[in-house]
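In this text the structure is predicted, and so the values were computed from the model without any measurement. In the text below, chain A, chain B and the rest are named by the order of the sequence lines, each starting its count at 1.
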There are 2 protein chains.
Amino acid sequence: MTTIFDVAKKAGVSKSTVSRVLTNKGYVNKKTRQKVEKAISEVGYIPNYLARNFRNSQTRTIGFIINGSIKLLGEFIEKFIKVAESFAYEVVIYSSDSDPVKEKQYLDLLKYKQIDGLFILTRANDWQVIEPYSKYGPIATWHRVESTKIYSAYVDHYYIYAAILQNLRKNGHKYVGFVLNSARSQNMLSANDAIKKQEAMGLKTWKYICATQENYGESSAQSFLKLSEKPKVVFIYADYVAGMFMKKLRELDETVANQTQVISLDNSIISELLDITSIDLDIDTQAYNEFVYIYNNLNAVSLPLKKIRLKLAVRKSFTQIDPECFPEYRIIK
Amino acid sequence: MTTIFDVAKKAGVSKSTVSRVLTNKGYVNKKTRQKVEKAISEVGYIPNYLARNFRNSQTRTIGFIINGSIKLLGEFIEKFIKVAESFAYEVVIYSSDSDPVKEKQYLDLLKYKQIDGLFILTRANDWQVIEPYSKYGPIATWHRVESTKIYSAYVDHYYIYAAILQNLRKNGHKYVGFVLNSARSQNMLSANDAIKKQEAMGLKTWKYICATQENYGESSAQSFLKLSEKPKVVFIYADYVAGMFMKKLRELDETVANQTQVISLDNSIISELLDITSIDLDIDTQAYNEFVYIYNNLNAVSLPLKKIRLKLAVRKSFTQIDPECFPEYRIIK
DNA sequence: CTGTTAGCGCCTTCAC
DNA sequence: GTGAAGGCGCTAACAG
């Protein structure tokens, strides 16, 4: 293995000079620099990152905790990694299994400088537990969190739900169904706020709360069918749940299935294949922002975050879209 | 930050003794060991992995290259990471974008000891290029590769296709459709071998070769519809492509769609939602084996690989299954 | 502008 | 069974 010492010998300079060339810090004579660069390629020098990181006590590595619950993982992670790579950071993946103890171990990794920053897809601990760790390094999450110390590129679900409900009211709907997630997440709380507001204004609702792991939401359809009076439209919190809802409905009662309109969240390939009208939360930009937040904190810069561009993909499952209710959306048919 | 020196001072011993306790190497008096252990917890010592890895020039890190083409990424990666974690390894994700140059950079990471082993989801370089790197550390891939030096937990597609074709022949089918992947992969070559063998025995076929990125295979349906005589069964190389095929078919010609049977590979949630009969390649076990291969090589042990348990999920899209053609499969209805 | 020097935290001979 | 010493490869004062 060649080291800077070999380069130095070859170029007839000292190690420090080589180091200066390598790190682009301090003054180096143009000619010396050229000599060094020549020597570098001649001896085939490759920096030893292990040594460099040790010396700098920095890892240029971001931890990324997954927890097995997210269907859009592939898309998100890919974007996150690509952005990280473009800034010369590496991403290490950990699996928390939504276990608070495991999650704490990873938080400790941050404390003990084994990673520079941490992204938590969905947290297992209360944010009060997590927040103190942010003094050891930047933390971001996909979970919506009301904290100035932990970043989240969330889209406020209040407005998502409010827009849909406004649209439905304009359509004359007085009775609406919802399939919601049981997770006590801020997103679901916001969704509920939006729904309650409409309930207070006279909207009748049916709500089914879905345990996250429960058969992709199969039972929501069964529950729906037991209703004596059924809403004509159901808004479902995720594509794959909406998919399963429709599948079950169709299996159990084709007529009802044909009368039921569905709107979902995610706009993944599932909603595309099943012709489900779906809202796209712009995962790519979210992933970008999550990384850039971490990067900014690590490097004391402030690269601008990108604006999230919501999208409404209109498909057969629900077509009565009033663009005025979705001013910020790109509407795609 | 506390170091072994702090521990040594506290325990009234030397750094070396602390190190011996930490690494469990060499002789340490029981009482001394206890003293040291007490000191460790008293000063709240946490080993500096940066230093340790540097010293040992090992990373306990496995590189994992993705390339943006795989829909089952989430499932695979999660399993791989969990296995790695259970053996105290970390996984760093890189994105190659199927770019040979980028891939080579990651191969170099192995050469220069910045990762201990490497997993390549789907390789961009020829395996002759990759193979030499295996002397720097174990390499595994999801791509099927005919090499003793690079491991792949592949399932031989020859037998997958042969079994299906045998089943279809038993059903009396004399004309079969295929949607295949354009990737010049060993898997597709094997599939072709199996198909050709049946063609030689008189089977009539229609084949559509799908570019990987092309609209999820939308055009396969258009091409299918142009056929004057259409096969009754189409075997499609991936769930999402099968999904798109059926969707397009249904859109363009409902009658034909109803007459066309489909079998796919992957058994993901897509085939479940769309009621497509699908073969499950047991991704979990594949991921397990991929990691264990790397682990075995790194640690000069030979933990047994697990047997891949293929599954055939029978759904509405194709029901005439003859279990005798699938002796090794678990058949699930 | 460049070289000398010291040291990051850890592990591993080598004496004792 | 334990301690002293050296060094992994690199960077950053500090001199000059």
Side-chain angles (χ1 to χ4, degrees), chain A residues 1-40 43-61 88 90 108-109 111-116 136 299, chain B residues 1-40 43-61 88 108-109 111-116 136:
Chain A
M1 187 172 218
T2 59
T3 71
I4 52 168
F5 182 75
D6 301 309
V7 177
K9 220 166 43 180
K10 187 89 181 185
V13 297
S14 76
K15 287 193 299 173
S16 354
T17 305
V18 178
S19 176
R20 279 190 207 98
V21 172
L22 254 20
T23 54
N24 250 316
K25 280 179 186 163
Y27 302 97
V28 182
N29 188 319
K30 260 194 186 169
K31 285 206 170 156
T32 319
R33 158 163 279 130
Q34 281 168 3
K35 263 198 306 185
V36 170
E37 277 162 356
K38 189 155 160 271
I40 286 175
V43 303
Y45 169 76
I46 299 283
N48 180 330
Y49 287 85
L50 249 32
R52 188 178 275 180
N53 288 344
F54 167 55
R55 182 54 238 262
N56 295 338
S57 61
Q58 59 130 30
T59 61
R60 285 201 89 82
T61 296
E90 291 190 344
D108 279 336
L109 255 33
K111 186 167 171 184
Y112 300 116
K113 306 293 178 210
Q114 286 156 236
I115 49 178
D116 291 349
Y136 303 116
N299 299 282
Chain B
M1 188 173 217
T2 60
T3 72
I4 52 168
F5 181 75
D6 301 308
V7 177
K9 220 167 42 181
K10 187 90 182 185
V13 296
S14 77
K15 286 192 300 174
S16 345
T17 305
V18 177
S19 177
R20 280 191 206 95
V21 172
L22 253 20
T23 55
N24 249 315
K25 278 178 188 164
Y27 301 97
V28 182
N29 189 319
K30 261 195 185 168
K31 286 206 169 154
T32 319
R33 160 164 277 130
Q34 281 168 4
K35 262 197 308 187
V36 171
E37 278 163 355
K38 189 154 159 272
I40 286 175
V43 303
Y45 169 76
I46 298 284
N48 179 331
Y49 286 84
L50 249 32
R52 190 178 272 181
N53 289 342
F54 167 54
R55 182 53 236 264
N56 296 337
S57 60
Q58 61 128 27
T59 60
R60 282 201 91 80
T61 297
D108 280 335
L109 257 31
K111 184 166 172 187
Y112 300 114
K113 306 293 177 209
Q114 286 156 234
I115 50 179
D116 291 350
Y136 304 116

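Checking dT2(C), dC10(C), dG9(D) against every side-chain atom of Thr32(A), the shortest atom distance belongs to dT2(C). The side chain of Ser19(A) lies closest to dT11(D) when the candidates are dT2(C), dT11(D), dG9(C).
Side-chain N or O atoms of Thr23(A) include one that pairs as donor or acceptor with a backbone N or O of Ser19(A) at under 3.5 Å. No donor-acceptor pair closer than 3.5 Å links the side chain of Thr32(A) to the backbone N or O of Val28(A). Judged purely by atom type and a 3.5 angstrom limit, Asn29(A) uses its side chain to pair as donor or acceptor with the backbone of Lys31(A).
Atom CD1 of Ile46(B) and atom P of dG9(C) are 14 Å apart (whole Å). With rounding to whole Å, Arg20(A) atom CZ is found 13 Å from dC10(D) atom C1'. Following rounding to the nearest Å, Phe5(A) (CZ) and dT11(D) (P) show an atom-to-atom distance of 16 Å. Atoms NZ (Lys9(B)) and C1' (dG9(C)) sit 14 Å apart, rounded to a whole Å. The OH-C1' distance, from Tyr27(B) to dC16(C), rounds to 17 Å in whole Å. Rounded to whole Å, atom C1' of dG7(D) lies 15 Å from atom CG of Leu50(A). Across the protein-nucleic acid pair, Arg52(B) atom CZ and dT12(C) atom C1' stand 14 Å apart, rounded to whole Å. Whole-Å rounding puts the Asn29(B) CG to dG3(D) P distance at 11 Å.
Within 4.0 Å (heavy atoms only), Thr17(B) reaches sugar-phosphate atoms of the nucleic acid but no base atom. Nucleic acid contact for Asn53(A): none, since no nucleic acid atom lies under 4.0 Å from a heavy atom of the residue. Nucleic acid contact class of Lys15(A) (heavy atoms, under 4.0 Å, all strands): base.
Neither OP1 nor OP2 of dA12(D) sits under 4.0 Å from any side-chain N or O of Arg55(A). Between Thr3(B) and dC8(C) there is no side-chain polar atom (N or O) within less than 4.0 angstrom of OP1 or OP2. The side chain of Ser16(B) places no N or O atom within less than 4.0 Å of a non-bridging phosphate oxygen (OP1 or OP2) of dA5(D). The side chain of Lys25(A) places no N or O atom within less than 4.0 Å of a non-bridging phosphate oxygen (OP1 or OP2) of dT11(D). Distances shown here put a side-chain N or O of Tyr45(A) below 4.0 Å from the OP1 or OP2 atom of dC10(D).
Mapping Ser14(B) and Val18(A) onto DNA chain D via the closest heavy atom, the residue that lands nearer the 5' end is Ser14(B).
One distance of note links CG of Asn53(B) with CZ of Phe54(A); it measures 11.0 Å at 0.5 Å rounding.
Residues Asn24(A) and Arg33(A) are in side-chain contact: their nearest non-hydrogen atoms beyond the backbone lie under 4.5 Å apart.
Checked by distance alone, Arg33(B) brings no side-chain donor or acceptor within 3.5 Å of a matching partner on the base of dG1(D).
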